[in-house]
Amino acid sequence: MFTRRLLTRLSRLNIRSATTAGYQSTCHSRLPTVTTASESFSQYNGPLNKRLFSNQIETESALDTATYERLCSETLDGLCDYFEELTENATDLIGTDVAYGDGVLTVNLGKSHGTYVINRQTPNKQIWLSSPTSGPKRFDFVGTPKAGKWIYRHTGQSLHQLLQLEIPTIVKSQTVDFMRLPHCS
């Protein structure tokens, strides 16, 4: 939807550029003209398949739906199993619960720590995280299915890195290692 709105705006820019080009030939001024929406976008923001985050330019993930579903399931299954292990062995947490169904992983870490919700967003091919500590984040898969990770494009931080920073401050009685789970490399 965002892309459609952007291309519509850029198309309007092209119409203005074409009008300006007609005016330009009349006035002999040297105004730049842009012929297509993608050229306009590229002129100001780089190629359409590039995004800027964390001091890098990365290529947008081109996952097909079946691969996305498989990667999501593997990631969420791994997180679910690990959160169940952590909460079962946590002697310092009271009232914890881990539930996973229909692509939504809910991890309740008790009243004092709040609830983490991690879910798939199939239309966007993203995983969304709602954290009581850092708030909402949307993660895109970057890399190959064998060596990729879920990245928050605004900071360049991966889903597993963020959990690795937040969860050890809550589960203090044991060692936490989210970096051993699937799709964190």
Side-chain angles (χ1 to χ4, degrees), residues 1-3 5 50-185:
M1 186 152 163
F2 172 76
T3 306
R5 284 185 293 182
K50 302 281 183 173
R51 287 195 180 176
L52 183 66
F53 75 95
S54 181
N55 300 328
Q56 296 176 326
I57 296 177
E58 286 286 334
T59 306
E60 216 175 279
S61 177
L63 294 176
D64 60 73
T65 303
T67 304
Y68 163 77
E69 291 291 335
R70 182 179 55 81
L71 293 173
C72 250
S73 293
E74 290 171 359
T75 301
L76 292 173
D77 286 340
L79 287 171
C80 180
D81 292 343
Y82 193 59
F83 271 117
E84 285 178 345
E85 178 185 325
L86 286 174
T87 57
E88 286 174 8
N89 298 329
T91 56
D92 53 342
L93 293 177
I94 298 170
T96 62
D97 182 44
V98 178
Y100 178 52
D102 294 326
V104 180
L105 172 61
T106 306
V107 183
N108 183 348
L109 296 174
K111 287 184 180 181
S112 60
H113 301 293
T115 301
Y116 284 79
V117 178
I118 306 169
N119 65 298
R120 71 178 68 211
Q121 284 296 317
T122 305
N124 302 333
K125 294 184 181 172
Q126 294 175 327
I127 288 181
W128 288 8
L129 165 73
S130 175
S131 162
T133 306
S134 60
K137 301 217 177 348
R138 298 174 180 192
F139 296 87
D140 295 288
F141 192 81
V142 175
T144 64
K146 288 186 179 182
K149 55 187 170 182
W150 296 96
I151 295 289
Y152 181 55
R153 291 194 183 268
H154 295 286
T155 63
Q157 188 175 42
S158 78
L159 171 64
H160 295 83
Q161 288 169 336
L162 180 64
L163 293 172
Q164 186 65 40
L165 288 174
E166 293 183 10
I167 300 302
T169 62
I170 298 169
V171 182
K172 297 175 183 170
S173 63
Q174 54 190 306
T175 304
V176 176
D177 186 14
F178 282 94
M179 304 314 286
R180 66 183 177 92
L181 298 177
H183 310 297
C184 66
S185 59

Please list all pairs passing the ring-ring contact (aromatic ring centres under 6.0 Å, His included) test where one or both residues lie in residues 87-127, with sequence neighbours left out. none
Residue pairs passing the ring-ring contact (aromatic ring centres under 6.0 Å, His included) test with at least one member in residues 72-93, sequence neighbours excluded, are Y82-F178, F83-F178
Going by the rule side chain to side chain contact (heavy atoms under 4.5 Å, CB included), which residues pair with [X] if we only count those two or more places apart in sequence or in a different chain?
X: T175; answer: none
X: N108; answer: D97, T115
X: T96; answer: T87, L93
X: T65; answer: E69, K125

Straight-line distance of [X] [atom1] to [Y] [atom2], nearest 0.5 Å:
X: L86; Y: L79; atom1: CG; atom2: CG; result: 10.5 Å
X: R153; Y: D140; atom1: CZ; atom2: CG; result: 4.5 Å
X: I151; Y: L159; atom1: CD1; atom2: CG; result: 9.5 Å
X: I127; Y: W150; atom1: CD1; atom2: CH2; result: 4.0 Å
X: H160; Y: M179; atom1: NE2; atom2: CE; result: 7.5 Å
X: H183; Y: L71; atom1: NE2; atom2: CG; result: 4.5 Å

Fit a plane to each ring of F139 and Y152, take the angle between them on a 0 to 90° scale, and name the class: parallel (under 30°), tilted (30 to 60°) or perpendicular (over 60°). tilted
Considering residues at least two apart in sequence or located in another chain, which fulfil the side chain to side chain donor-acceptor pair (under 3.5 Å) criterion with S134? S131, E166
Could you pull out all residues at least two apart from D64 that satisfy side chain to side chain donor-acceptor pair (under 3.5 Å)? T67
Specify the closest pair of heavy atoms between [X] and [Y], including all atoms of both residues, with the distance to one decimal.
X: G78; Y: P182; result: CA-CD, 4.4 Å
X: R120; Y: Y68; result: CB-OH, 3.5 Å
X: L162; Y: Q157; result: CD1-OE1, 3.5 Å
X: A90; Y: S173; result: CA-OG, 3.9 Å

Give the intermediate values and the outcome of side chain to side chain contact (heavy atoms under 4.5 Å, CB included) for residues T133 and L165. CA-CA 10 Å; T133 306; L165 288 174; over 6 Å; no
Is any side-chain heavy atom of L76 closer than 4.5 Å to one of I118? yes
Are Q164 and I167 close enough that some pair of their side-chain heavy atoms sits under 4.5 Å apart? no
Tell me which pairs pass salt bridge (charged side-chain N to carboxylate O under 4.0 Å, His left out) where either residue lies in residues 70-93, with sequence neighbours left out. R70-E74, E85-R180
